[in-house]
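The structure appears right after this line, and notes come after that.
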Amino acid sequence: MTKIFKQLGRHWAACLAVVALLIVQAYCDLSLPDYTSKIVDTGIQQGGIESPVPDTVRSTTLQALELLMSEDDAALADEAYTDPDADGVRTLDPDADTAALENAFTTPDVVLYMAAAKNAATAAGTTDTVVPTAYDLDAVATQLAAASQAPGAREMLQSQLTDGLAQLDETVADSLSSQAMLLVALEYDAQGIAHDVQMSYLLRTGGQMLALTLLMAAVAVAVGFIASRVSAAIGRDLRRDVFRTVVGYSNAEIEKFSTASLITRTTNDIQQVQFVCVILLRMVAYAPILGIGGIMHVASGNTGLEWIIFVAVAALLALIAVLMNVAMPKFKQMQVLVDRLNLVSREILTGIMPIRAFSREAFEEKRFDRANTDLMKTQLFTNRTMVAMMPFMTLIMNGTSLLIVWFGGKAMDLGSMQVGEMIAFITYTMQIVMSFLMLSMVAVMLPRAGVAADRIDEVIKTPSTIHDPAAPKALPADGTHGVVAFHDVSFRYPGSDEDALEHISFTARPGETTAIIGSTGCGKSTLLNLIPRFYDVTEGSVTIDGVDVRDMTQAQLHDELGYVPQKGVLFSGTITSNLKFGGDHITDADAEQAAEIAQATEFISAKPEGFDSPIAQGGSNVSGGQKQRLSIARAIAKHPQIYLFDDSFSALDYKTDVALRRALKAKTDNATVIIVAQRISTVLHANQILVLDEGRIVGKGTHAQLMESCPAYQEIARSQLSQKELNLQKEGE
């Protein structure tokens, strides 16, 4: 986990921008339920009336209201409105003290509305509640105006009003205060502007909701864009770091991880980290902001239903804890099984020809099925666990909604909650629950991504056993170049109990060919691999012109070498691009000359596109002999000082082998040539032949000298050459 956050920390500026945008998104998201509540409660139920203080009021209605106010409140109300217009309508001053006016108007509004309703019921001859009309309002206003003419009428009304309100309990008083808007609605209806007021409020509030929604959508798009760029950059950086690290690995590190595992870590594991980084930025950062904001909104209300949220969250946390304990071990196991499947797949695909040749298709299919089935079972278990979680999540969310509707309905029946408030409360509750749900989903994804991050970090932090020295030495500026010397060299593979090479000492000089021969597994290729530092010696030293190869930079060392591996390796591209693989300094003429020396010109010319002919990945569209000749030509085109041929002539026929070595001799007259070979014919004319047996030099000299003094060499020669050929050679000497 810390490794994932460390990767995000490299892009801290973008992460801060995402958090800032998420706060804006959460503000918009949390504001929308309030606007929904306003549209339902104020816009629909209250006709768009927000205050018990009317924006416009007829003089007769205002006078009736003022009779129900104290003298100070009546004076305040009278000053707050302009003089009547031609229709007798007075308009509220925009600079009026709205808070003080609301206190002054609320009770008179309720009383005047109830009086109008009573008048309407009396006119209808019923005791049931009847919705009053503008006519009933005018009738009551006229009655109050007439009654106010009597001495002490105002004081009597105020006294009766005070006594009546004192007898009401708090719940009823709150219920009556919500009816203050009804008088304003009745007054607007009398003025004929009720519809305009309602539509104006709905359009204004709806426009604000639309603006917030558009802002939220724009912010969500921006967050997604930034999060995607950050995750893509993290993936790019990880792939680059892994690639740079792996390219610098020696064979020991490559064998430690295996090629299949390194490919999985570079692709699948990095994709896991990328995906989780996007989720972390878009969901994990957003969920707490949204959840905390929702809790604050709910806590600021007075619904009395907050306990439902705590029950829902507790149920969610219990469910998540159970699932995490069940699924977590399987998530950690999954990446190992992916590695195993990739390894089996790679082995089968690269070995398809011997598999067919030995009729082992059925066996390999079973081996693949075992690896595939193990992965499938693990994935099925984790997927079923996740699928099982969803019904429980749905049950919790729907149960929460049911509880809110049940207890919210009772609160509405008591008059302590309105429909819009309940809708907003449900929305906030769902936002809070969804926040915890998002966190739970991420909590399930993180373990697998954490395992992937650990695997990637393991590759990046595994140092190569082959590295450049802190203070590299340069080769001598003058004198003979290309002298390769082994000084009592011993080498042991990592983890091995025995030396693969023991006490090897020899010198290979420019203008000479040094050949290494011996039985299979005697250490020939291992010896050659110590020169370019594919491995480092365990004891002794390998020097070039007197400088230990470990004291040189690898780039400087490799510039001196032309290496042809035992197995020819070509890269996708063209023949020219492969021949120029040694550097930009290689010209077309160099490539053509190298191809001619390597006896490759004939088959290249036979191709329709010549040197521009395409080469498939791994050189799969050329034969083994052609691949070897192109590999040899690639080394020759570089013009190195030292040539290393690791059994590079094995796929060539005898005629091509002879022609190639004759042309190569002319080309490498001033270079050091070291050849590892199996065939006597390849090393016959070498200036120095080293005979290896079980990691030791058991013979050193020319062919003639070894035929007289080295039994191991004699045995090899007799196994490859006829007695007639041996006699001819002896006579030629």
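Position 1 is the first residue of the sequence; numbering continues from there. Being a predicted model, the structure only gives us computed values, none of them experimental. For the numbers below, each heavy atom of this structure counts, side chains included, while hydrogens, waters and symmetry mates do not.
For L186 against A116, the heavy-atom pair with the smallest separation is CD2-CB, 4.3 Å. What you find for A139 and N119 is that their closest heavy atoms are CB-ND2, 4.0 Å. Of all heavy-atom pairs spanning A233 and H11, the tightest one is CB-CE1, 3.6 Å. Minimum interatomic distance between I234 and C277 (heavy atoms only, all atoms of both residues): CD1-SG, 3.7 Å. The two residues A14 and V230 come nearest to each other via the heavy atoms CB-CG2, 3.5 Å. Looking at every heavy atom in both residues, Q272 comes nearest to A452 through CB-CB, 4.0 Å.
A side-chain donor-acceptor contact under 3.5 Å links D85 to the backbone of D87.
Residues S51 and F105 are not in side-chain contact: their nearest non-hydrogen atoms beyond the backbone lie 4.5 Å or more apart. In this structure the side chain of R90 reaches within 4.5 angstrom of the side chain of L62, judged on heavy atoms. Side-chain contact between V223 and V219: present, with at least one pair of heavy atoms (C-beta onward) separated by less than 4.5 Å. Between Y201 and Q46 the shortest side-chain heavy-atom distance does not fall below 4.5 Å. Looking at L22 and V18, their side chains come closer than 4.5 Å, going by heavy atoms from C-beta outward. Between L76 and M69, every side-chain heavy-atom pair lies at or beyond the 4.5 Å cut-off. Residues I308 and V311 have side chains not in contact (no heavy-atom distance under 4.5 Å, counting atoms from C-beta outward).
The list of side-chain hydrogen bond (donor to acceptor under 3.5 Å, both in side chains) pairs with a residue in residues 182-197, not counting sequence neighbours, reads T56-Q191, R58-E187, T61-E187, E187-Q191. Applying the side-chain hydrogen bond (donor to acceptor under 3.5 Å, both in side chains) definition to pairs two or more places apart or across chains, those involving residues 13-29 are D29-Y286, D29-Q431. Counting only residues at least two apart or on different chains, the side-chain hydrogen bond (donor to acceptor under 3.5 Å, both in side chains) pairs with a member in residues 223-240 are D237-R240, R239-Q274. Among pairs with a residue in residues 9-19, those fulfilling salt bridge (charged side-chain N to carboxylate O under 4.0 Å, His left out) read R10-D241, at least two apart in sequence or across chains. Residue pairs meeting the salt bridge (charged side-chain N to carboxylate O under 4.0 Å, His left out) criterion with at least one partner in residues 45-55, sequence neighbours excluded, are E50-R204.
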Give the C-alpha distance, both sets of side-chain angles, the deciding distance and a yes or no for side-chain contact (heavy atoms from CB on, under 4.5 Å) between V53 and Y81.
CA-CA 11 Å; V53 182; Y81 285 89; 3.4 Å; yes

Give the intermediate values and the outcome of side-chain hydrogen bond (donor to acceptor under 3.5 Å, both in side chains) for residues S37 and D34.
CA-CA 5 Å; S37 177; D34 283 338; 6.0 Å; no

Run T98 and L101 through side-chain contact (heavy atoms from CB on, under 4.5 Å) and show every step you take.
CA-CA 5 Å; T98 307; L101 288 172; 5.6 Å; no

Start with the C-alpha gap between T400 and M430, add the side-chain angles, then the distance that decides, and say whether side-chain contact (heavy atoms from CB on, under 4.5 Å) holds.
CA-CA 8 Å; T400 302; M430 290 302 103; 4.0 Å; yes

Given side-chain contact (heavy atoms from CB on, under 4.5 Å), test L8 with L281 step by step and report yes or no.
CA-CA 9 Å; L8 288 171; L281 290 175; 4.2 Å; yes

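Between I456 atom CD1 and T266 atom OG1 the span is 8.0 Å, to the nearest 0.5 Å. Remark: L182 CG to Q45 CD distance equals 10.5 Å, nearest 0.5 Å. The CG atom of L337 lies 8.5 Å from the CD atom of Q379; values are rounded to the nearest 0.5 Å. The distance from the CE atom of M114 to the CG atom of D109 is 13.0 Å, given to the nearest 0.5 Å. Here the CG-CD1 distance, from L30 to I292, works out to 11.0 Å after rounding to the nearest 0.5 Å. Between the OG1 atom in T205 and the CD1 atom in I39 there is a gap of 6.0 Å [rounded to 0.5 Å].
Residues T264 and N268 have side chains that never bring a donor and an acceptor to within less than 3.5 angstrom of each other.
Around atom CH2 of W307, more than 12 heavy atoms belonging to other residues, nucleotides or ligands sit under 6.0 Å away.
In this structure D457 satisfies the salt bridge (Lys or Arg N to Asp or Glu O under 4.0 Å) test together with K461, sequence neighbours excluded.
With L183 as the fixed residue, the side chain to side chain contact (heavy atoms under 4.5 Å, CB included) test singles out one of I49, L65, T106: L65.
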